[in-house]
Structures are given as structure tokens and as C-alpha cells.
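Heads up, the thing below is written out as C-alpha cells.
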Number of protein chains: 2
Amino acid sequence: MATCRYAPIVPSPDPAPLRLSVDRSSPVPLYFQLAQQLESAIETGGLAPGSLLGNEIELAGRLGLSRPTVRQAIQSLVDKGLMVRRRGVGTQVVHSQVKRPLELSSLYDDLLAAGQRPATRVLRNSVAPASAQAAATLGVPEGSEVVVVERLRLAHGEPMAHLTNHLPPDLLPLSTADLEATGLYRLMRGAGITLHSAQQTVGARAATAEEGRLLAEPEGAPLLTMQRTTYDAKGRAVEFGSHIYRASRYAFEFRLLVRT
Amino acid sequence: MATCRYAPIVPSPDPAPLRLSVDRSSPVPLYFQLAQQLESAIETGGLAPGSLLGNEIELAGRLGLSRPTVRQAIQSLVDKGLMVRRRGVGTQVVHSQVKRPLELSSLYDDLLAAGQRPATRVLRNSVAPASAQAAATLGVPEGSEVVVVERLRLAHGEPMAHLTNHLPPDLLPLSTADLEATGLYRLMRGAGITLHSAQQTVGARAATAEEGRLLAEPEGAPLLTMQRTTYDAKGRAVEFGSHIYRASRYAFEFRLLVRT
DNA sequence: AAGTGGTCTAGACCACAGA
DNA sequence: CTGTGGTCTAGACCACTTA
């Protein structure tokens with residue numbers, strides 16, 4: 001039957017065949033528990049890049065789960081770009097060090113996370129007739145009243161960005177004190193608004209004299225520009241922003257997954 | 001039992017309750033057929049923004065499918081940001097006009113799609129020792145040989161961008177003629193390379209005199225910069241690019257989905 | 001030929017929202 | 001309380017890859 005031409009079955013390259021277990025008394029879904037364990041194994045190196053995960057049916061049997069549940073766990077990691085499936089081959093960990101995809105975060109939180117001591121100076125917090133662009137993106141009649149917030153964002157006391165936001169009226173109360181203490185997205189989440197997605201356009205242009213004065217850059221200095229419309233879970237636009245950043249101090253980093 | 005206080009059950013707001021059907025003899029997966037029909041119904045307005053999709057079990061019965069299959073179809077649309085599910089409520093179409101997420105496309109294809117008559121001038125196509133940055137991102141030893149391609153991208157005869165790419169040696173043959181006829185990504189896909197994801201950093205800076213000469217901009221003009229590392233399905237870096245774009249002619253547009 | 005993931009079924013029970 | 005989506009099971013057959 002078998003011949004010696006075949007190489008012996010090589011066990012998983014990792015010494016310990018990976019400790020996996022699920023807690024059925026936990027309220028956390030089983031597929032989610034498994035996905036978390038696999039993800040942390042990838043992060044800590046317990047699952048080496050390129051290594052094959054055992055086949056789904058065997059894995060399901062070992063854990064006492066059904067195959068669909070195991071598939072759901074693996075699929076969530078594939079969606080995150082951490083693993084790749086190939087029919088007839090198996091499921092393997094991708095080779096690259098994958099950075100987590102950028103969350104929809106505020107500049108304030110980005111600066112906080114980078115240890116940059118962010119601060120905000122509110123230049124304007126008022127209600128005004130909507131411009132054509134703001135009205136179109138927020139889905140309100142042109143000229144109807146919207147909240148307009150204009151802020152200067154500082155890090156270590158140095159200006160970083162000038163942020164102009166338009167919001168629907170009555171979405172949430174925005175006190176100037178709150179706006180100086182934290183970021184807009186944090187306030188919105190705190191008010192029970194679920195942020196869901198955003199459409200962004202990033203470009204560049206030269207600073208006007210006025211913009212240069214605000215940002216401590218010479219006139220004509222390169223600025224990064226971003227226009228962003230943010231939607232809640234129901235797809236309603238909850239914020240339209242038009243921002244400029246000092247190019248010398250800031251860049252955008254993000255990850256694209258190819259749709260398959 | 002029932003009282004007149006309740007409003008009558010309102011039928012689906014759309015006049016025709018949506019024509020859905022699947023072809024079991026087709027090789028296209030059933031869940032995919034359903035997802036496509038729902039997506040096109042959303043695009044054409046057959047499923048109005050905000051409208052509720054009938055519940056999953058009823059929908060499955062109507063189509064002669066099992067509930068998991070129907071769920072898989074709906075889930076794929078939720079992942080695309082086209083629908084939202086709420087427990088106890090139902091599944092509804094998001095309100096906003098959702099643009100398709102940006103694919104990992106080449107500038108060449110972007111320009112083609114915009115009817116911009118793209119052209120490429122190859123300034124360099126050679127093998128050279130890897131710089132520290134290129135070596136680190138491509139995962140090859142510093143100083144080992146990599147392919148370096150430098151191109152000027154034109155639209156309607158006007159320069160748009162200056163593109164510098166580094167590729168692992170022996171990944172694919174790159175003739176200057178091919179590079180002038182199409183985009184790099186198209187060549188890579190044609191060579192059987194599956195592009196999977198990319199990590200991008202977008203910033204801005206002022207043009208040097210040399211860059212200004214290449215792009216027909218004055219020295220000091222604002223430029224958009226992008227550095228991009230592209231990975232294949234196994235997570236290996238297949239390309240590292242460092243590009244500059246005329247800010248007066250180009251901006252990046254993309255969509256962020258909040259992870260839940 | 002053997003092994004893998006891809007798809008699909010027909011049920012089940014639970015948690016949560018809304019009337 | 002009723003209806004919804006969220007999770008889960010224990011199978012099944014198929015298509016593809018590899019040897």
C-alpha cells in the first residue's frame with residue numbers, strides 16, 4: 001500500500017499544537033472566542049506566518065464545535081486579512097506583519113495615542129445657514145440651519161490642523177467646553193450615535209496667508225486637505241468636515257483590502 | 001385580542017414586492033445570486049433606502065432556500081455597507097447613496113475610467129541594489145538586487161504623477177514596452193499574481209526644483225505623496241512604491257467602515 | 001485518489017426590540 | 001408577548017489542488 005517514496009507526515013511546525021478551547025458557559029459567542037484565540041496566537045507568534053491551520057473538520061472535532069462555527073471564526077480572520085484560504089490546500093496565516101486597519105478615529109484620539117498632548121481651541125461654535133456643499137452632503141435644504149464648529153488642533157502647544165465641521169441641528173448638544181476637552185467623535189459616541197462608515201477625500205494645496213497664520217506656516221506651504229462625510233448605522237450623514245493639516249506634521253495611513 | 005388602536009399592517013412601500021429568483025442549474029452560488037439581485041435592486045431603487053427587507057425565514061421560504069443561505073447573501077451586503085441589521089427590528093437598506101469602496105487600482109486604470117487618455121513614459125527600468133527602506137518592506141537583504149521602475153504618468157499629454165516602484169527580482173518580467181502600454185497592477189495580475197491588500201501612507205510636501213521640472217509645476221508647489229506596499233494572497237510584499245502627484249490634478253477618495 | 005475548502009440544508013434555541 | 005436577527009448543530013455533496 002504505502003510506499004517509502006512519501007515523506008513522513010510532518011506535524012505542525014510549531015512545537016505545541018496550539019492551545020485552543022472554548023467556554024460554553026460564557027456569553028461570548030463560540031466563534032468569537034475561537035477567532036480571538038487564533039488572532040492572539042498569530043500576534044504572539046504561536047501561529048507562525050505561513051503556517052497551516054489544521055483542516056476545519058478536524059479542528060471542529062477537537063474543540064467540540066460544528067464545522068460552520070469553526071468556519072465562521074476563520075472567516076472573520078480572513079476578512080481581517082490575517083489568514084488566507086485555498087481550496088484543496090488549507091488555511092494559512094499570511095506572511096506579512098499585518099497592521100490593524102485604521103479605525104474611524106478622530107485626530108484627537110490619534111494624537112492621544114501617539115502621546116502628543118493634544119489640545120483644542122474652539123474658534124467658532126454656532127448655528128448658521130447651510131452652505132450648498134454642507135446641505136447636499138447632510139441631506140438638509142440649502143440655507144436651513146446647521147451647526148458649524150471650527151477648531152484649531154494643537155499638539156505640544158503647536159498648531160497641527162484646522163478643522164471645520166457641519167452637523168445636522170438637534171443631533172447632539174455641543175458645548176465649547178466639551179469640544180475643548182475631547183474629540184468630536186468621542187462626544188458623538190457618548191451621545192449614543194453609532195458611527196458606521198465615512199467617505200473621505202484627501203488632497204493637497206498651498207496655504208493661503210490666513211491659513212498660514214493659523215497654522216504657523218508660511219503662505220504657500222503645502223497643506224494636506226481632507227473632506228469627510230460620516231454616516232451612522234442607518235446611513236444618515238451625521239457630520240461633514242473640511243479639514244486642513246500641516247503636511248510637515250501629519251500623514252494619513254490606511255490599508256486597502258482587495259475585494260474578491 | 002387585537003384592538004383598533006393598532007395601525008393596519010403596512011405592506012412594503014415598494015409597489016412590486018421585488019422580483020427575486022435563483023437558478024439552481026447555474027454554477028454561481030445561490031447566496032451570490034441573491035446578493036447580486038438585492039444589490040442591483042438597491043442600485044436601481046427597487047429597494048428604497050430605509051426600506052425593510054422581509055424577515056429571513058419568510059424570504060428563504062419564498063425562494064426555496066435555507067435560512068443560512070439567505071443570511072450569507074444578506075451578510076455580504078451588510079459587509080459592503082449597503083444594509084444594516086437590527087435584532088428585533090429587521091434588515092434595512094442604508095439611507096445614504098453608498099459609493100463602492102475603492103478597489104486597489106492603478107492610477108492608469110483610474111485615469112482610463114475617467115476618460116483621461118493616460119500615457120506612460122518610462123524613465124528607468126533596471127536592476128539595482130535595494131535601498132534600506134525598499135529592502136525592509138520587500139523582505140530582502142539590504143543591498144541585494146531589486147527591480148526599480150521609474151515612470152512619468154501623463155493624462156491628455158500633461159504630467160500627472162511621478163511613480164517609483166521597487167519589486168522583488170524574478171517576480172515577473174517587465175518590458176519597457178509593456179510598462180508604456182498599461183499599468184503595473186494589470187501586468188502583475190496578468191502574470192498570475194493575486195493582489196490582496198496594500199498599506200498606504202498619504203502625505204504632502206513642496207516640490208523640489210527637479211520634481212517641478214518633471215511635473216510642470218513651479219518649485220515649492222504642493223505635491224501629494226503616497227507610499228504603498230502591496231501584498232499578494234500569501235502576504236508576501238510584491239511591490240513597494242513611492243509616488244508623487246500634482247495636487248492640482250489629483251486627490252484620493254476612499255471609504256472607511258467602522259469595525260463592529 | 002485523497003484531502004481540502006465551498007456551498008447548502010433543515011432544523012434548534014437564545015437575546016433583544018417593540019407593541 | 002410576538003417577531004426579529006444571532007448563534008449553533010450534524011450532517012451532505014461538490015470543486016479544486018496536490019500527489
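Labels below follow one simple rule: chain letters A, B, ... track the order of the sequence lines, proteins then strands, and each chain is numbered from 1.
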What is the distance, rounded to the nearest whole Å, between atom CD1 of A/I57 and atom P of D/dT9?
14 Å

Starting at CG of B/L59, measure out to CZ of B/R71 and round the result to the nearest 0.5 Å.
12.5 Å

Choosing from C/dT7, C/dT9, D/dT7, which nucleotide comes nearest the side chain of A/Y31?
D/dT7

Heavy atoms from C-beta onward define the side chain here; which of D/dG6, C/dA10, D/dT9 lies closest to that of A/S66?
D/dT9

Compare the minimum distances between each of C/dT7, D/dG5, D/dA15 and the side chain of B/N55, then state the nucleotide with the smallest one.
D/dG5

First locate atom CG of A/L53, then atom CD1 of A/I42, and finally report the distance between them rounded to the nearest 0.5 Å.
8.0 Å

Between C/dC8 (P) and B/I74 (CD1): distance, integer Å
14 Å

Any donor-acceptor pair, under 3.5 Å, between the side chain of A/R67 and the base of C/dT7, if you only look at N and O atoms?
yes

Looking at C/dT7, I'd like to know if its phosphate oxygens (OP1 or OP2) sit under 4.0 Å from a side-chain N or O belonging to B/T69.
no

Counting only heavy atoms not in A/D23, do more than 12 fall under 6.0 Å of its CG?
yes

Position toward the 5' end of DNA chain C (nearest nucleotide), A/P68 or A/T91:
A/T91

In whole Å, what is the span from the CZ atom of A/R24 to the P atom of D/dT7?
14 Å

Give a yes/no answer on whether the side chain of B/R71 brings an N or O atom under 4.0 Å of OP1 or OP2 in D/dG6.
yes

Whole-Å distance separating the CZ atom of A/F32 from the P atom of D/dT7
10 Å

Please give, in whole Å, the distance from C/dT4 P to A/E58 CD?
9 Å

Taking D/dG5, C/dT7, C/dG5 as options, the one with an atom nearest any side-chain atom of B/Q72 is C/dT7

Under 4.0 Å, heavy atoms only, any strand: does A/L30 hit a base, just the sugar-phosphate, or nothing?
sugar-phosphate

